[in-house]
A.B. asks: 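Quick one: the structure is below, and I'll ask about it shortly.
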Amino acid sequence: MIELKEGLVLYHGSYCVVENPDLQKCAVYKDFGQGFYLTTSKEQAKSFARLSAAKKRQQGERTEEFAYVSFFKLSDTDGLKTFVYETADAAWLHCIVAHRRKDAFVKVRNQMKPYDVISGKIANDDTNTTIMAYMGNVFGKMGSESADKVCIGLLIPERLKDQFCFRTVKALSKLKYLKSEKVSLE
């Protein structure tokens with residue numbers, strides 16, 4: 001897992017340019033909770049931008065032929081309380097499920113509340129089917145060692161990229177907008 005440090009460039013993919021992230025506009029039930037999500041992978045951000053734009057087009061909210069990747073530079077990490085999931089393990093899986101489903105792993109979700117930034121592997125739309133099956137107890141009882149092992153094995157964690165969830169205004173204040181680039185939807 002890449003360490004958050006001064007000067008690190010992070011990318012955010014969306015159907016629109018994002019210069020000033022607003023936590024109120026961020027979805028609640030995401031992997032590490034409500035927050036502004038970024039990655040060190042420009043390709044991953046492009047992929048998410050295309051997906052985000054496609055969803056908005058399907059909903060009839062957008063007609064543009066482009067999506068956008070916004071670039072941010074981390075000014076510093078002074079005073080930020082961060083939590084890093086180094087690997088896609090059972091603790092990581094439980095955190096993701098805790099934030100996607102409010103009645104699951106409540107203790108884990110509560111333990112994450114004080115953190116300004118949470119980072120770890122991304123459980124994106126490519127992994128969504130597997131995580132949904134896990135939450136439906138398809139691999140055994142959710143939270144059991146055997147179900148955790150099957151789910152993580154199917155996710156192929158070594159192929160998963162990183163994500164950083166900036167969860168507080170304090171965390172967002174450490175990001176400096178650099179620029180945005182258009183991404184073709186084709």
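This one's a predicted model, so the numbers in the text were calculated from it and none came from an experiment.
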A.B. asks: Could you tell me whether a side-chain N or O of R101 sits under 3.5 Å from a main-chain N or O of M135, the two making a donor and an acceptor?
C.D. replies: yes
A.B. asks: Does L160 share a hydrophobic cluster with L10, counting links as ILVMFWY side-chain heavy atoms below 4.5 Å and allowing steps through other members?
C.D. replies: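 Per the 4.5 Å side-chain linkage, L160 and L10 are not co-clustered.
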A.B. asks: For the residue pair L93 and D89, establish whether any side-chain heavy-atom pair is separated by less than 4.5 Å.
C.D. replies: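 No, every pair of side-chain atoms sits at 4.5 Å or beyond.
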A.B. asks: Looking only at non-hydrogen atoms, find the nearest pair between L8 and L4 and report the distance.
C.D. replies: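 That would be CD2-CD2, 3.9 Å.
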A.B. asks: Before accepting this row, confirm whether a basic side-chain N of the pair K121/D162 lies closer than 4.0 Å to the acidic partner's carboxylate O.
C.D. replies: no
A.B. asks: Tell me whether V97 shares a hydrophobic cluster with W92, the cluster being built from Ile, Leu, Val, Met, Phe, Trp, Tyr side chains joined at under 4.5 Å.
C.D. replies: yes
A.B. asks: To the closest 0.5 Å, what do you measure between NE2 (H12) and OG (S180)?
C.D. replies: 9.5 Å
A.B. asks: What closest approach, in Å, do S52 and Y15 show between heavy atoms, and which atom pair accounts for it?
C.D. replies: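 Nearest pair, atom of S52 first, then Y15: OG-CD2, 3.2 Å.
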A.B. asks: Assess whether side-chain contact (heavy atoms from CB on, under 4.5 Å) is satisfied between I152 and Y134, documenting all intermediate values.
C.D. replies: CA-CA 10 Å; I152 292 166; Y134 173 81; over 6 Å; no
A.B. asks: Let me confirm one number: the NZ-CD1 distance from K30 to I122, rounded to the nearest 0.5 Å.
C.D. replies: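 One finds 9.0 Å between NZ of K30 and CD1 of I122.
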A.B. asks: Kindly give the heavy-atom pair with the smallest separation between A67 and S14, and that separation in Å.
C.D. replies: CB-O, 3.5 Å
A.B. asks: Take a 6.0 Å sphere around CD of Q59 and say whether it holds more than 12 heavy atoms from other residues, nucleotides or ligands.
C.D. replies: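 Atom CD in Q59 is crowded, with more than 12 foreign heavy atoms closer than 6.0 Å.
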A.B. asks: Taking the side chain as C-beta and beyond, is there a heavy-atom pair between E6 and L74 under 4.5 Å?
C.D. replies: no
A.B. asks: Are M142 and I131 co-members of a hydrophobic cluster defined by side-chain heavy atoms under 4.5 Å apart?
C.D. replies: yes
A.B. asks: Applying side-chain hydrogen bond (donor to acceptor under 3.5 Å, both in side chains) to Y37 and D31, what does each step give before you reach the verdict?
C.D. replies: CA-CA 10 Å; Y37 283 79; D31 291 355; over 6 Å; no
A.B. asks: What distance separates S41 OG from Q163 CD, expressed to the nearest 0.5 Å?
C.D. replies: 12.0 Å
A.B. asks: State whether the side chain of K174 and the backbone N or O of D78 hold a donor-acceptor pair below 3.5 Å, judged by distance alone.
C.D. replies: yes
A.B. asks: Check the hydrophobic clustering (I, L, V, M, F, W, Y; side-chain heavy atoms under 4.5 Å; chains of links allowed) and say if V108 and V106 are grouped together.
C.D. replies: no
A.B. asks: Sequence neighbours left out, what pairs pass ring pair (Phe, Tyr, Trp, His ring centres under 6.0 Å) with at least one residue falling in residues 60-80?
C.D. replies: Y11-F71, F36-F72, F72-Y177
A.B. asks: Could you measure the distance from the CG atom of L51 to the NZ atom of K46? Nearest 0.5 Å is fine.
C.D. replies: 16.0 Å
A.B. asks: Side chains of T130 and F139: closer than 4.5 Å at any heavy-atom pair?
C.D. replies: yes
A.B. asks: Return the SG to NZ distance between C16 and K56, rounded to the nearest 0.5 Å.
C.D. replies: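 Reported to 0.5 Å precision, the distance equals 8.5 Å.
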A.B. asks: Just by distance, do the side chain of R50 and the backbone of V183 share a donor-acceptor pair under 3.5 Å?
C.D. replies: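 The answer is no, because no donor-acceptor pair under 3.5 Å joins these two groups.
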A.B. asks: Please report the closest heavy-atom contact between L172 and P21, naming both atoms and the distance.
C.D. replies: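 Residues L172 and P21, closest heavy atoms: CD1-O, 3.8 Å.
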A.B. asks: Is there a side-chain contact (heavy atoms from CB on, under 4.5 Å) between R100 and N128? Walk through the geometry before answering.
C.D. replies: CA-CA 11 Å; R100 288 188 178 191; N128 196 44; 2.8 Å; yes
A.B. asks: Quick one, L38 with L175, criterion side-chain contact (heavy atoms from CB on, under 4.5 Å). Give me CA distance, side-chain angles, the key distance, then yes/no.
C.D. replies: CA-CA 11 Å; L38 301 118; L175 294 173; 3.8 Å; yes
A.B. asks: Are the ring centres of F32 and H99 closer than 6.0 Å?
C.D. replies: no
A.B. asks: Measure the shortest side-chain to side-chain distance between F105 and I96 over non-hydrogen atoms and say whether it is less than 4.5 angstrom.
C.D. replies: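 Counting from C-beta outward, F105 and I96 never come under 4.5 Å.
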A.B. asks: So T39 and Q44, side-chain hydrogen bond (donor to acceptor under 3.5 Å, both in side chains) or not? Walk me through it.
C.D. replies: CA-CA 7 Å; T39 180; Q44 179 175 294; 3.2 Å; yes
A.B. asks: Just by distance, do the side chain of S70 and the backbone of V18 share a donor-acceptor pair under 3.5 Å?
C.D. replies: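 Such a contact is found between S70 side chain and V18 backbone.
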A.B. asks: Between K42 and E181 (salt bridge meaning N to carboxylate O under 4.0 Å), is one present in this structure?
C.D. replies: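 Salt bridge flag = yes for E181 with K42.
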A.B. asks: Is there a side-chain contact between Q34 and R167 (heavy atoms, below 4.5 Å)?
C.D. replies: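 Not in contact.
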A.B. asks: Return a table of donor-acceptor pairs under 3.5 angstrom between the side chains of residues 79-87 and protein atoms on other chains or two or more places apart.
C.D. replies:
none

A.B. asks: Please determine whether side-chain hydrogen bond (donor to acceptor under 3.5 Å, both in side chains) holds for the pair K107 and N110, giving the CA-CA distance in whole Å, both sets of side-chain angles, and the decisive distance to 0.1 Å.
C.D. replies: CA-CA 5 Å; K107 183 178 177 183; N110 289 337; over 6 Å; no
A.B. asks: Is there a side-chain contact (heavy atoms from CB on, under 4.5 Å) between C95 and M112? Walk through the geometry before answering.
C.D. replies: CA-CA 8 Å; C95 181; M112 294 294 110; 3.9 Å; yes
A.B. asks: For residues F164 and I118, determine if any side-chain heavy atom of one lies less than 4.5 Å from a side-chain heavy atom of the other.
C.D. replies: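 SC-SC contact between F164 and I118 ruled out.
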A.B. asks: Which heavy atom of G35 sits nearest a heavy atom of L23, and at what distance?
C.D. replies: CA-CD2, 3.8 Å
A.B. asks: Determine, stepwise, if the pair E65 / R57 fulfils salt bridge (Lys or Arg N to Asp or Glu O under 4.0 Å).
C.D. replies: CA-CA 10 Å; E65 296 297 318; R57 288 181 86 179; 3.2 Å; yes
